[in-house]
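Written below as structure tokens is the structure these notes are about.
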Amino acid sequence: MLDDALHHPRGKDGRAPDVFRAGAWVPMRAYPNDEEVDFAVVGTGAGGGTLACRLAEQGFKVVAFDAGAWWRPLEEFASDETHQAKLFWTDERICDGDNPLQLGTNNSGKAVGGGTVHFAMVSLRFRPEWFRSRSLLGYGADWPLDWREMWRYYEQVENALKIAGPISYPWGPPRPRYPYRAHELNAAALVLARGAEAMGIRWTETPLATLSAPRGLAHPCVYRGFCVSGCATNAKQSALVTWIPRALQAGAEVRDLAMVGRVATNAAGRVNGVEYLREGRWQFQRAKNVVVAGYAIETPRLLLMSATSQYPDGLANSSGLVGKNLMAQSNQAVYGTLDEEIRWYKGPPSLAITEHWNYTDTGKDFFGGYAYMSQGPLPEVWAAAQTKRGLWGEALAGEMQKYNHQAGLKIVGEMLPQERNRVTLADEKDQYGLPVARVTYSWCDNDRRLIAHSLDFMEQALAAAGARDIWRETDDTCHLNGTARMGDDPATSVVNADCRSWDIPNLWICDGSVFPTVGGVNPSLTIQAIACRTAERIALLAARGEL
Amino acid sequence: MTHARNTRYPGYDVLNKRGTPSWDDATRAVIDERLATPREPQFFNAVQWLAVVHLCRCIVPQADAEPVVPLAALLDAKLTKNAGDGYRDARLPPTRDAWLIGLAAVDAESRSQFDLPFSSLERPRQHALLEQMQRGDMHHDAWQGMPSKLFFTKRLLHDICSAYYSHPHSWSEIGFGGPANPRGYVRMYFDRRDPWEAAEADPGVEDKARKENRRAR
């Protein structure tokens, strides 16, 4: 039911779904498999969707592939947590290590638009020093990018998504005011504000990629609260309703339900196209360049699966780093009960934020930083948090009865890159006949210290805001980055600052995989900013004849 | 059990909003299908079904209160569909296998300690066994090497509780607004609610809330 998109590809025969009009279609350019297009882009999320759009707008011939479905949000997104699991990447993945990750919901999307279709819309810039965290802050690795250049691309993305945020942002160097006004705060956000003020730290309205004023055919957010289950009104500025429609207009083709299983290479060692499974048969699209943008698990998986006798360890892997340095972000929380009714199911889940511990370097016994935000879990997610702490029976029922009086503070915390945290190929095969990813993850001492610091601080803040019966959610993570890091040195990185493979000059990687470090903010804005930069760099290189 | 479910929101029923601007067609279709979940098992056999029904009663005792949430049936439907979670702890087999092994192991543990299958035990003994499983203190061969503690947390609690809290009656129980498209919400501040949200009863004046909740639509 409501799952036709999972079974029948929609981007074909010269047309694609019009996500803004029920039942309508928009024209889409169609390239034959044997036409050598300029770019085959694998993945259409924050990285691939953005890059496909910007490349097409600069005149390149682009075909983008996504393993997921092309949804019509206005007609097919129910207000229901269970049903909307259709947006998640729920194919099997095996998780091990000392702290096995939980995947599928808050970190893996499978749809045209990728994870942005169900992300929480939190749109934050990196702290400038993080781009040189090794040199300036003494940990992790330096990025090959300059923050001042990134500041320009952040602004470009914030405008493209009409981010709703505060007039002046309390942390970091000046940035322009956000394009759309900040959203009204719900009670859960006001609890964060109370606590921050009691602790003497600053807080602000979270910059969010959901409309606070009309835009085109989309009306402002109605505060229905099902954001991480997919937005049924198009207020959420996902890639599905922003970059993808723009990409089509600029002449790109997007193929949904198209699982790329191999990036092909020729005798010269250059890539020459992609093998993909669509409508029951493996096909081959020729391309002058291939961009891998499958996020931090699927990207290394595809590079490893594409191994040849010339590249026995997988593509772009002369450094041996493909799949390594996987970084989740810590996502611990404190929750408590307030006398007032909070009803945190209303509005976007994270309307208020403090980045205090991202921008303060004193009073820490760890490297890195964290932001924390107000919370609004719906019943299934909230029950999962309770069962993870071992509650069941009457204890669970009693705790769930307090639902409308709960408030919580949750971090997005920096975890350090470690080579032992990695993606490899398992022997087991998935429904496409491809080896499933094995994801190995263990926290390091620094990760544990950051988490402990955040929980202590947030517990004080939540108590100061008037909460009682406070408890700690100690083992959650979110977001996935690393596994194909960018850098200045081919020996210690997979791609250069332009997201271009050191080993194979017509192979590019453009998603969260390229992050050398993750910082303490949600990664989507940075991924999109990097994609915008990469597109401009590619155009420049093409103009110079250096592609 | 035939008593009404304990709630701070007497008379509130999310389903009363089915025909209001809080529900769209997609949501109506999805919830209608869930409410029509077949009551007879398709995935579990008769022996497994007995154990599942009793496990569900222990984990979510209020599911049997009125109006009943057919929890075991929801779980059976989930396993029939075999939709994955998107990850698997390497120490666990795939979801269906984990359930089949786990159910056999629960009965094996129960028989070896009490000479009875799990479903024939008194509730306190059932609880004691579950607590033992939660501690990871079960090592019968029937577990086939699967850690009982992980099965308890990642399958038993996770699958049963997510099924329960996917049912509209559980939303009414905890005062959740439920589906909310296209109307959404207007009043966001402390102690404020829209007329279509649940009214919480103050002790002693439940009737006032009950009256307001009849209009919550």
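Below, chains carry the letters A, B, ... as their sequence lines are ordered, and counting in each starts from 1.
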Select one option (side chain, backbone, both, neither) describing which atoms of [X] are under 4.5 Å from chain B's heavy atoms.
X        : value
A:His405 : side chain
A:Glu75  : backbone
A:Phe88  : neither
A:Glu399 : neither
A:Val191 : both
A:Pro379 : both
A:Lys402 : both

Within a radius of less than 6.0 Å around [atom1] of [X], do more than 12 heavy atoms belonging to other residues, nucleotides or ligands occur?
X        : atom1 : result
B:Glu122 : CD    : no
B:Arg125 : CZ    : no
B:Asp137 : CG    : yes
B:Tyr189 : OH    : no

Is there a donor-acceptor pair closer than 3.5 Å between any side-chain N or O of A:Asp96 and the backbone N or O of B:Ala90?
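Checked: no pair found.
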May I ask you to decide if A:Ser79's main-chain N or O and B:Thr27's side chain share a donor-acceptor pair within less than 3.5 Å?
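Yes; judged by distance alone, with no hydrogens or angles, the pair exists.
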Could you grab the distance from atom [atom1] of [X] to atom [atom2] of [Y], nearest 0.5 Å is fine?
X        : Y        : atom1 : atom2 : result
B:Thr95  : A:Glu92  : OG1   : CD    : 6.5 Å
A:His83  : B:Glu33  : NE2   : CD    : 8.5 Å
B:Asn181 : A:Leu74  : CG    : CG    : 8.5 Å
A:Lys388 : B:Thr153 : NZ    : OG1   : 11.0 Å
B:Tyr165 : A:Met400 : OH    : CE    : 4.5 Å
B:Ser170 : A:Glu380 : OG    : CD    : 8.0 Å

For chain A, which of [options] has the most heavy-atom pairs under 4.5 Å?
options                               : result
B:Asp24, B:Asp191, B:Asp89            : B:Asp191
B:Asp85, B:Val186, B:Leu156, B:Val60  : B:Asp85
B:Arg28, B:Glu173, B:His158, B:Arg183 : B:Glu173
B:Gly178, B:Ser166, B:Pro182          : B:Ser166
B:His127, B:Lys154, B:Lys78           : B:His127
B:Pro94, B:Gly177, B:Ser22            : B:Gly177

Would you name the heavy atoms of A:Asn404 and B:Gly175 that are closest together and state the gap between them?
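Nearest pair, atom of A:Asn404 first, then B:Gly175: ND2-O, 2.9 Å.
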Please report the closest heavy-atom contact between A:Glu394 and B:Pro61, naming both atoms and the distance.
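Reported closest heavy-atom pair: OE2-CG, 3.6 Å.
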Give the member of [options] that has the highest number of heavy-atom pairs under 4.5 Å with chain B.
options                                : result
A:Leu103, A:Asn186, A:Val222, A:Ile94  : A:Leu103
A:Lys346, A:Glu340, A:Arg93            : A:Lys346
A:Gly390, A:Ala437, A:Ala395, A:Ser108 : A:Gly390

Interchain contact, B:Tyr9 with chain A, by part (heavy-atom threshold 4.5 Å)
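The side chain, not the backbone.
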Sort B:Ile31 into side chain, backbone, both or neither according to what part of it lies under 4.5 angstrom from a heavy atom of chain A.
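When you check distances to chain A, only side chain atoms of B:Ile31 fall under 4.5 Å.
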Cation-pi check for B:Phe190 against A:Arg194: NZ or CZ below 6.0 Å from the six-membered ring centre and within 45 degrees of the axis, yes or no?
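Yes - A:Arg194 lies over the ring of B:Phe190, closer than 6.0 Å to its centre and within 45° of its axis.
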Would A:Leu185 and B:Met188 count as a side-chain contact (heavy atoms from CB on, under 4.5 Å) here? Give the steps.
CA-CA 7 Å; A:Leu185 297 178; B:Met188 306 266 278; over 6 Å; no
Take B:Arg8 and A:Glu341 through the test salt bridge (charged side-chain N to carboxylate O under 4.0 Å, His left out) and record every step on the way to the result.
CA-CA 12 Å; B:Arg8 297 181 182 184; A:Glu341 289 181 10; over 6 Å; no
Please test B:Arg34 against A:Asp80 for salt bridge (charged side-chain N to carboxylate O under 4.0 Å, His left out), starting from the C-alpha separation and ending with a verdict.
CA-CA 11 Å; B:Arg34 190 161 311 142; A:Asp80 186 70; 2.6 Å; yes
Heavy atoms, side chains only, cut-off 4.5 Å: are A:Gln386 and B:Cys161 in contact?
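No - every pair of side-chain heavy atoms lies 4.5 Å or more apart.
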Over 60° means perpendicular and under 30° means parallel, so tell me whether B:Phe152 and A:Trp392 are parallel, tilted or perpendicular.
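Geometry flag for A:Trp392 against B:Phe152: perpendicular rings.
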Check the angle between the aromatic planes of B:Phe176 and A:Tyr345 and answer parallel, tilted or perpendicular using the 30° and 60° thresholds.
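Judged by the thresholds at 30° and 60°, the geometry between B:Phe176 and A:Tyr345 is perpendicular.
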Go through the steps for A:Gln102 and B:Tyr87 under the test side-chain hydrogen bond (donor to acceptor under 3.5 Å, both in side chains), then give the verdict.
CA-CA 6 Å; A:Gln102 297 185 40; B:Tyr87 69 100; 3.1 Å; yes
